[in-house]
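To keep things clear, I will list the structure first and then write my remarks on it.
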Amino acid sequence: MQAFDTAQLPRDPSSVRFEPGPTEDKLILSMGPQHPSTHGVLRILLELDGEYIVRAEPVLGYIHRMHEWMAEQKTYFQFMPNMGRVDYLHAMAWNWAYAGAVERLAGIEVPERGEHIRVAVTELNRISSHLLWWGAYLLDLGAFTPIMYAFDDREILLDILQAVTGSRLTYSYFTFGGVYNDVPEDFAPRCLAFTKHLRSRLPMYRDLVTDNVILRGRCEGIGEMDVDLARRYGATGPVIRGSGAPVDTRRAEPYSVYGKFDFRIPAYSQGDAMARYMVRMDELETSCDIIDQAVSNLPDGPCSAKAPKTLKPPKGEACYAVEGARGKILVHVRSDGGPKPYRVKLRAPGFSNLSVFCELARGTLLADAVSILGSLDLVIPEIDR
Amino acid sequence: MSPDLLSFDHPLTRLVVGLLCVFAFVGLNGLVLVWVERKVAGHVQLRPGPLHVGPYGLLQPIVDAVKLVGKQLAMPAGADKYLYWAAPLLAFAPVTVCFLPLPFDPNLAPMRLNIGLVLILAFSGLGVLSLILAGWGSNNKWGLLGAARAVAQSVAYEVPLLLAVMSVAITAGSLDLYEITSQQGGWPWQWYGVQNPLAFFIFLVCAVAETNRAPFDLPEAESELTAGFHTEYSGMGFGLFFLAEYANMIVVSGVAAALFLGGWQGPFLSGILWFLVKVYAILLLMIWMRWTYPRVRFDQLLNLSWKWLTPLAIIDLALVVIIKGIGG
């Protein structure tokens, strides 16, 4: 390898196409890819004036695994386990988006029981994702204890999902036409017991954590985003609901059996980190409501429709959107009639949510940037795919 | 037999023996405090804490210390060699001096000074210098930011701290910690902390900020500045900062106990025991706060000091002076 020779650098600054560099009193700081509050391998280039951020630029690609390319190399079935690894915190929703797109393409109908189970496990997974976000966000703000309480609750939930799916994090439970295997006998009572338990814990979290004056000081008025800005960047999920637009794929484009259930879409109009925090805390209750309705009258029948072993969908393309814990997940599958997809496009909500960060972080303090970053609830593997 | 430093006639002998005792005390209490911190943190967080090394995990801090001693002392390229290594020593050395004027027991004050309080405040003020050197000398941007925060924080919180201490010194009419302690009684209503709760409160808040403990641990703010001023330190370099933090905690708790909680005085138990009980009560409060609260933001921290604590401390001081003036 040739040594890097600084003499070869152009001497005339105007010939360099980069943006103007920092002036004497500015500091360029590389936050990440190993940093405690970038949650994984996100790197943010910061230009600081004292502790104020002049410019923040996310640098992506440290965990790019070419999921979309892998899809083209595998059969429809073989690609299924990849979906649990795109966003490991809400694997069920990605399972669903891909399974849904392929079902739409191949014209497979999912039986009622399968839909109910899908709703229940996805909502359980959403709760586990939100609980983990809650703990990690407070860790970003310097509170060490809440994450232990969150994990305590999450443990019960993971046990339920393990009994159903066999795994605890990167689920690959969905199949074309339903779910792989039926739920165990005690699934419904365990779910109901869990939602009851979580509902009893939420007031404690509100009193101990949400109403804490230091936490309010760190969240209120931080990273304010109006709904136009959120729309311009394509932000979805709790991020746009925190800006006052109650946009939720479960309500806006009802898929599966969500139309049957009665649930509230929480939205707050302040648009700051606290609003996004409150949306997620309220969504824990929303998910509990949906789980209760989905499992308390679980229909009888098969949990999965018969799908051919080697799936060869007809030529064409299909999209399927689901509401993930981080926003709208969309999978676009195009088939050329063969056993492998011609092209799969994954729309990750975290990518759009992260792009708002540059705008939100400008002019804030470094500590606020950490708070804003946490409030966007980013999962880096999902952003890089 | 209660320990008696006064049996040594020569003050220099007393000082040397006292210094040795202080080193032993700091080292031992540092270890105990590490265990207490981890154990309390564990119970706060629904987990048992250290469990396997020794009974109740009691030997855990020793294992930690051995691990730290055994680690390589790394220094980043481009660091200022002398400043980089001077910083951890400078963090730890002044703290030991702070223990000398502390009255542990009527017969156990290593060095009785009529300006003992000034000595403690002066030497604890030196601590911030080590943070600056560590941040500057390690040639790391996070370290530099941490050092910059440490300076502003230290300046902001020493003012209300001094004012709170002054109000007690004026009440007692002395700067000698021994004298201040003996003017209080063994029962809570005789303590300055109960007679002047505002000064006690201000002192506690400032003490947490001065020792860089959560929720005011901004110079090392893990989630923002990775580890702040000690980002680059490994092994015993980090270990000394760590030990200095705990020693600082013991000093401020000791000063708080002597100034506000009647020091060694109390019914039934011997003096040194009462002193330790009070010190550990304050330490437990600090540990509890650390594992409960989120971290404040930097401007909020400064606002709290300049807009609330300093004016309150001035009002408190004025009241104390007026009451003292009326009372004669």
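Please read these numbers as outputs of a predicted model, since none were measured by experiment. Residue numbering restarts at 1 for every chain, and letters A, B, ... go by the order of the sequence lines.
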(request) Could you tell me whether B:Phe238 atom CZ has more than 12 heavy atoms of other residues or ligands within 6.0 Å of it? (result) yes
(message) Shorter than 4.5 Å, heavy atoms on both sides: which option in B:Val296, B:Thr292, B:Asp299 has the most such pairs with chain A?
(response) B:Val296
(request) Check the surroundings of atom CH2 in B:Trp288: do more than 12 heavy atoms from other residues, nucleotides or ligands lie under 6.0 Å from it? (result) no
(request) Output the option from A:Ile147, A:Leu139, A:Val209, A:Asp140 having the highest count of non-hydrogen pairs under 4.5 Å with chain B. (result) A:Asp140
(message) To the nearest 0.5 Å, what is the distance between CZ on B:Arg297 and CD on A:Glu51?
(response) 11.0 Å
(request) Pick one of side chain, backbone, both or neither for A:Ser30, based on which atoms fall under 4.5 Å of a heavy atom in chain B. (result) backbone
(message) When you measure from the side chain of B:Lys141 to the backbone of A:Ile28, do you find a donor-acceptor pair of N or O atoms at a distance under 3.5 Å?
(response) yes
(message) Given 3.5 Å as the limit, does a donor-acceptor pair link the side chain of A:Arg218 with the main chain of B:Arg295, or not?
(response) yes
(message) For chain B, which candidate among A:Leu48, A:Leu365, A:Leu366, A:Leu29 shows the most heavy-atom pairs at distances under 4.5 Å?
(response) A:Leu29
(message) Would you say CH2 of B:Trp35 has more than 12 non-hydrogen atoms from neighbouring residues, nucleotides or ligands within 6.0 angstrom?
(response) yes
(request) Identify the heavy atoms of A:Tyr149 and B:Val44 that sit nearest to each other, and give their distance. (result) OH-O, 3.2 Å
(message) With chain B as the partner, which of A:Val370, A:Leu208, A:Asp152, A:Leu141 has the greatest number of non-hydrogen pairs under 4.5 Å?
(response) A:Leu141
(request) Answer yes or no: does atom OH of A:Tyr205 have more than 12 heavy-atom neighbours from other residues, nucleotides or ligands under 6.0 Å? (result) yes
(request) Answer with side chain, backbone, both or neither: which region of A:Ile222 has an atom nearer than 4.5 Å to a non-hydrogen atom of chain B? (result) side chain
(request) Mark yes or no for whether A:Thr145, through its side chain, and B:Trp291, through its backbone, hold a donor-acceptor pair below 3.5 Å. (result) yes
(message) Side chains of B:Gln45 and A:Phe151, heavy atoms from C-beta outward: is any pair under 4.5 Å?
(response) no
(request) Give, as side chain, backbone, both or neither, the part of B:Gln300 having an atom under 4.5 angstrom from any heavy atom of chain A. (result) side chain
(request) Please name the pair of heavy atoms, one in B:Pro215 and one in A:Ile214, separated by the smallest distance, quoted to 0.1 Å. (result) CB-CD1, 4.2 Å
(message) Would you say that more than 12 heavy atoms from the other residues, nucleotides or ligands in this model lie under 6.0 Å from the CZ of A:Phe351, or not?
(response) no
(message) With rounding to the nearest 0.5 angstrom, report the CZ to CZ distance, B:Arg290 to A:Phe144.
(response) 5.5 Å
